[in-house]
Amino acid sequence: MNPFAEYAICLLLLIGGAFTLIGAIGLARLPDFFTRLHGPTKATTVGVGAIVISSVIYFSTLGQGIGIEEILITAFLFMTAPISANFLAKAAMHLKVKTTENTRGYPWDQ
Amino acid sequence: MMVTALYITIAMVTLAALLNVYRLIKGPDAPDRVLALDTLYINAIALIILLGITLGTRMYLEAALLIAVMGFVGTVAMAKYLKRGSVIE
């Protein structure tokens with residue numbers, strides 16, 4: 001295999017795994033639902049995006065061509081992550097979930 | 001070198017999935033659990049893609065695509081149910 005392609009695959013894999021792990025740590029450790037919403041919805045899409053790009057590079061260096069599935073997965077995740085985050089935030093505002101004392105103002109009061 | 005990076009990445013994503021399961025069990029409210037499930041299916045997509053790279057086959061990417069579509073539908077249905085009390089009105 002081309003060494004530059006191998007370096008790129010390794011770098012993208014490690015970036016993707018690190019972003020996924022950071023998003024999960026943020027989901028597990030942040031104190032509030034509205035702060036907890038930040039971690040996974042940004043970080044895991046970037047993580048899965050980097051892993052998918054490394055998969056594209058790996059299979060194109062193997063000579064199997066660039067498939068449509070990776071592009072579809074990336075596009076679909078990048079489109080649907082903000083939508084599901086918006087729906088979950090609206091559901092949490094409707095349910096009036098408990099916030100920490102440091103959170104100023106209540107979004108459902110306006 | 002690539003095999004080492006692949007194993008490290010698989011360990012990271014598995015640890016992330018375990019942290020999501022922790023939030024899914026502990027989560028104080030229902031939206032926390034829905035958010036943990038949402039993150040869990042995204043991690044499952046990442047694990048399936050890493051399995052495909054490990055085995056050197058493209059066969060599992062269609063399963064990952066199906067999980068992406070159905071997971072989004074499930075998340076939206078759960079959030080809609082929590083907000084409005086019914087999925088389709």
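Note that the coordinates shown come from a computational prediction; the quantities given were computed from them, not determined experimentally.
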Distance (rounded to the nearest 0.5 Å) between B:I45 CD1 and A:I51 CD1: 10.5 Å

Heavy-atom closest pair, residues B:A5 and A:L14: O-CD2, 4.2 Å

Contact origin within A:L30 toward chain B - heavy atom pairs under 4.5 Å: backbone

Contacting region of B:I49 [heavy-atom separation from chain A under 4.5 Å]: side chain

Interatomic distance, A:L37 atom CG to B:T39 atom OG1 [nearest 0.5 angstrom]: 9.0 Å

Evaluation steps, side chain to side chain contact (heavy atoms under 4.5 Å, CB included), between B:L82 and A:F87: CA-CA 10 Å; B:L82 287 180; A:F87 275 143; over 6 Å; no

Intermediate values then yes/no, salt bridge (charged side-chain N to carboxylate O under 4.0 Å, His left out), A:K98 and B:D29: CA-CA 8 Å; A:K98 197 175 291 180; B:D29 295 312; over 6 Å; no

Positive for side chain to side chain contact (heavy atoms under 4.5 Å, CB included) with A:L27, one of B:L24, B:L35, B:D32, B:L19: B:L35

Minimum heavy-atom distance between A:L21 and B:A16, given as atom pair plus value: CD1-N, 3.9 Å

Chain A contact via B:I67 - which portion, at a heavy-atom distance below 4.5 Å: neither

Winner by heavy-atom pair count (cut-off under 4.5 Å) against chain A, out of B:I10, B:T14, B:V69, B:I8: B:V69

Max heavy-atom pair count under 4.5 Å with chain B, selected residue of A:K90, A:E6, A:R36: A:R36

Verdict with supporting geometry, B:R58 and A:E70, side chain to side chain contact (heavy atoms under 4.5 Å, CB included): CA-CA 10 Å; B:R58 298 176 56 96; A:E70 288 107 340; 3.3 Å; yes

Per-residue contact mode, A:I22 against chain B (heavy atom under 4.5 angstrom): neither

Pair B:M2-A:Y58, side chain to side chain contact (heavy atoms under 4.5 Å, CB included): steps then yes or no: CA-CA 10 Å; B:M2 207 188 103; A:Y58 177 67; 3.5 Å; yes

From CA spacing to verdict: side chain to side chain contact (heavy atoms under 4.5 Å, CB included), B:K83, A:M93: CA-CA 9 Å; B:K83 186 172 183 293; A:M93 278 167 61; over 6 Å; no

Heavy-atom closest pair, residues A:L13 and B:T9: O-CG2, 3.3 Å

